[in-house]
Amino acid sequence: MTSLLLGDTGVLTSRSLRHILRSPDTIITTAVTPVALMLLFVYVLGGAINTGSNQSYVNYLLPGILLITIASGIAYTAYRLFLDLQGGIFERFQSMPIARSSVLWAHVLTSLAANLASVAIVTGVALIMGFRTGASVAGWLAVAGILVLFTLALTWIAVIAGLSAKTVDGASAFSYPLIFLPFISSAFVPTSSMPAPVAWFAENQPVTSIVNAIRALFTRQPVGDDIWIALAWLVGILVAAYAIATAIYRRRIS
Amino acid sequence: MTTGQALEPAIRVQGIGKSFKDLHVLRGVDLEVEAGSIFALLGSNGAGKTTLVRILSTLLKADSGTATVRGFDVGTEPGKVRESISLTGQFAAVDEVLTGRENLMLVARLRHLKSPAAIADDLLIRFSLTEAGNRKASTYSGGMRRRLDIAMSLIGNPPVVFLDEPTTGLDPQARVEVWQTIKQLADGGTTVLLTTQYLDEAEQLADRIAILHRGKIIQDGTLAELKQLLPPAKVDYVEKQPSLEEVFIALVSEAGEAGTADADRVDDKVAARKELR
Ligand SMILES: Nc1ncnc2c1ncn2[C@@H]1O[C@H](COP(=O)(O)OP(=O)(O)OP(=O)(O)O)[C@@H](O)[C@H]1O
Ligand SMILES: [Mg+2]
């Protein structure tokens with residue numbers, strides 16, 4: 001059964017990866033907005049922002065930008081899943097003797113690959129813009145791990161959206177609030193500069209702890225509690241979204 | 001298809017009911033399809049043909065009644081049923097982004113068959129899609145897409161095949177080609193359940209014909225049996241004119257011989273058909 005799941009997921013993943021390779025613009029488009037934001041904040045607004053450290057602003061900004069990249073990239077996952085459901089191909093798969101959850105896992109793995117590609121592009125641009133880190137290989141791996149977890153958590157939310165959407169627009173609209181969350185976090189400015197109620201929200205929403213953890217890893221500072229809070233959020237969201245998505249899926253296919 | 005299973009009908013439907021909220025689409029459908037035969041389900045729009053096919057292919061759960069495919073219950077043993085069937089839905093289910101060849105290979109891989117490339121090439125030839133095999137399916141004409149769709153369903157030689165309106169939207173010649181394919185399937189021992197709105201299609205193909213109306217099978221029998229339901233035809237002597245269909249097929253098959261590219265052939269015919277209308 002497991003080998004069936006792995007085999008079928010592999011076949012279906014290579015199918016949807018091929019979709020992405022045939023329209024690489026989705027990866028570029030995903031990277032364009034975060035890059036534009038990065039240019040805007042570093043070269044236009046950054047000079048006026050006091051981050052409370054002597055780090056260059058791009059170093060401060062990159063973690064949040066990477067999260068925005070992923071938050072906008074997962075909209076394509078919902079979109080692709082929605083299109084599969086609309087066309088008959090989904091029912092064809094469901095009437096075949098394949099592992100049932102392989103259809104979803106293929107979209108999830110494809111989402112991971114596509115988003116990591118976008119993240120790599122954005123990181124490349126950041127390096128050109130002067131982003132520097134003293135992070136060790138272990139530090140980079142830890143950052144990558146957090147980003148993978150973040151992508152998976154958001155991708156399962158995207159699966160919920162793709163499975164329950166009624167229109168194409170509905171399938172991707174859910175990502176707007178997710179893209180917006182980093183703006184009310186420590187991603188662009190320290191939360192201490194915000195009015196009290198906003199600061200309270202910013203400090204207690206997941207993005208701040210994730211951003212702080214990644215920033216600490218990049219700057220070789222102790223990660224403190226942030227990493228545990230971040231992991232708790234990520235695992236919590238991942239488990240909840242996965243459970244809801246599979247429940248919707250099961251209802252949909254039976 | 002062993003002889004033991006030949007005693008058991010390939011498909012047995014007993015008292016299947018299905019409602020969508022207040023809409024009672026199926027109200028106790030009964031039918032049996034003998035292994036290796038072609039069974040045509042006739043019904044007007046909204047009669048519930050697709051609903052029944054979706055129940056039989058495990059995509060939808062019935063509210064009441066039981067249905068088995070090769071002895072496996074569609075409700076309780078859907079996995080076993082899926083191993084026995086293939087579905088060609090009412091609307092072509094192909095991956096638009098992939099080429100025709102890739103679509104076929106995808107299904108061959110999902111059915112865990114060896115040498116998917118060879119299977120794909122073989123089917124491309126059988127369904128006259130070789131020329132278009134390396135083009136994206138989104139560039140196919142409706143008829144080509146339908147042929148690819150049916151080809152995908154035949155991969156792995158499933159013993160029971162469901163075809164939901166397989167020839168709707170096809171030009172007369174493509175229709176005849178699909179009919180030949182269906183006949184070949186049945187000759188090879190495959191059980192075929194097809195739905196159609198065309199009486200001539202049922203007449204041409206089916207060993208048995210059932211009429212679904214208001215949620216029930218109102219008639220079920222061979223063509224001869226159904227014809228006996230009406231008073232015997234009055235004998236009239238009239239000069240036999242070729243039907244428009246015969247004229248059309250004759251014309252386009254002459255033109256088709258000269259053409260090479262499949263796309264041209266299909267497009268010409270579509271244009272010709274529009275003019276004839
Ligand atoms: N998922 C659904 N939700 C609500 N109503 C549905 C659903 N599926 C089908 N119906 C309704 O059930 C009835 C039968 O539909 P079905 O598609 O089975 O008919 P059909 O015989 O295949 O018709 P056609 O010849 O037009 O394809 C229709 O009135 C349709 O609107
Ligand atoms: Mg139908």
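Atom set for the values below is all heavy atoms of this structure, side chains included, hydrogens, waters and symmetry mates excluded. All values reported here derive from a predicted model rather than from experimental measurement. Throughout, a chain's letter reflects where its sequence line sits, starting with A, and its residues are numbered from 1.
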| task | Can you tell which part of Met152(B) gets under 4.5 Å to a heavy atom of chain A, answering side chain, backbone, both or neither? | result | both
| query | Heavy-atom distance under 4.5 Å to chain A: side chain of Val81(B), backbone, both or neither? | reply | neither
What are the sub-3.5 Å donor-acceptor pairs between chain A and chain B, distances to 0.1 Å?
residue	atom	partner	partner atom	Å
Asp8(A)	OD1	His112(B)	NE2	2.8
Arg15(A)	NE	Asp95(B)	OD2	2.5
Arg15(A)	NH2	Asp95(B)	OD2	3.1
Arg18(A)	NH1	Glu102(B)	OE2	3.3
His19(A)	NE2	Asp95(B)	OD1	3.0
His19(A)	NE2	Asp95(B)	OD2	2.7
Arg22(A)	NH1	Val97(B)	O	3.2
Arg22(A)	NH1	Glu102(B)	OE1	2.9
Arg22(A)	NH2	Glu102(B)	OE1	3.3
Arg22(A)	NH2	Glu102(B)	OE2	2.8
Glu91(A)	OE1	Arg54(B)	NH1	2.8
Glu91(A)	OE2	Arg54(B)	NH1	2.3
Arg92(A)	NE	Ala93(B)	O	3.0
Arg92(A)	NH1	Ser153(B)	OG	3.2
Arg92(A)	NH2	Asp149(B)	O	3.0
Arg92(A)	NH2	Asp149(B)	OD1	2.5
Gln94(A)	O	Arg82(B)	NE	3.2

| field | Sequence-distant partners of Phe131(A), ring-ring contact (aromatic ring centres under 6.0 Å, His included), two or more places apart | value | Phe218(A)
| request: Name all pairs fulfilling the side-chain hydrogen bond (donor to acceptor under 3.5 Å, both in side chains) condition that reach into residues 161-178 of chain A, sequence neighbours left out, sorted by first residue then second. | output: none
| task | Applying side chain to side chain donor-acceptor pair (under 3.5 Å), name anything that partners Thr69(A), two or more places apart in sequence or on another chain. | result | none
| message | If I measure from the heavy atoms of chain B, does Phe93(A) come under 4.5 Å with its side chain, its backbone, both, or neither? | response | side chain
| task | State, to 0.1 Å, how close Leu106(B) and Val11(A) come at their nearest heavy-atom pair, and which atoms those are. | result | CD1-CG1, 3.7 Å
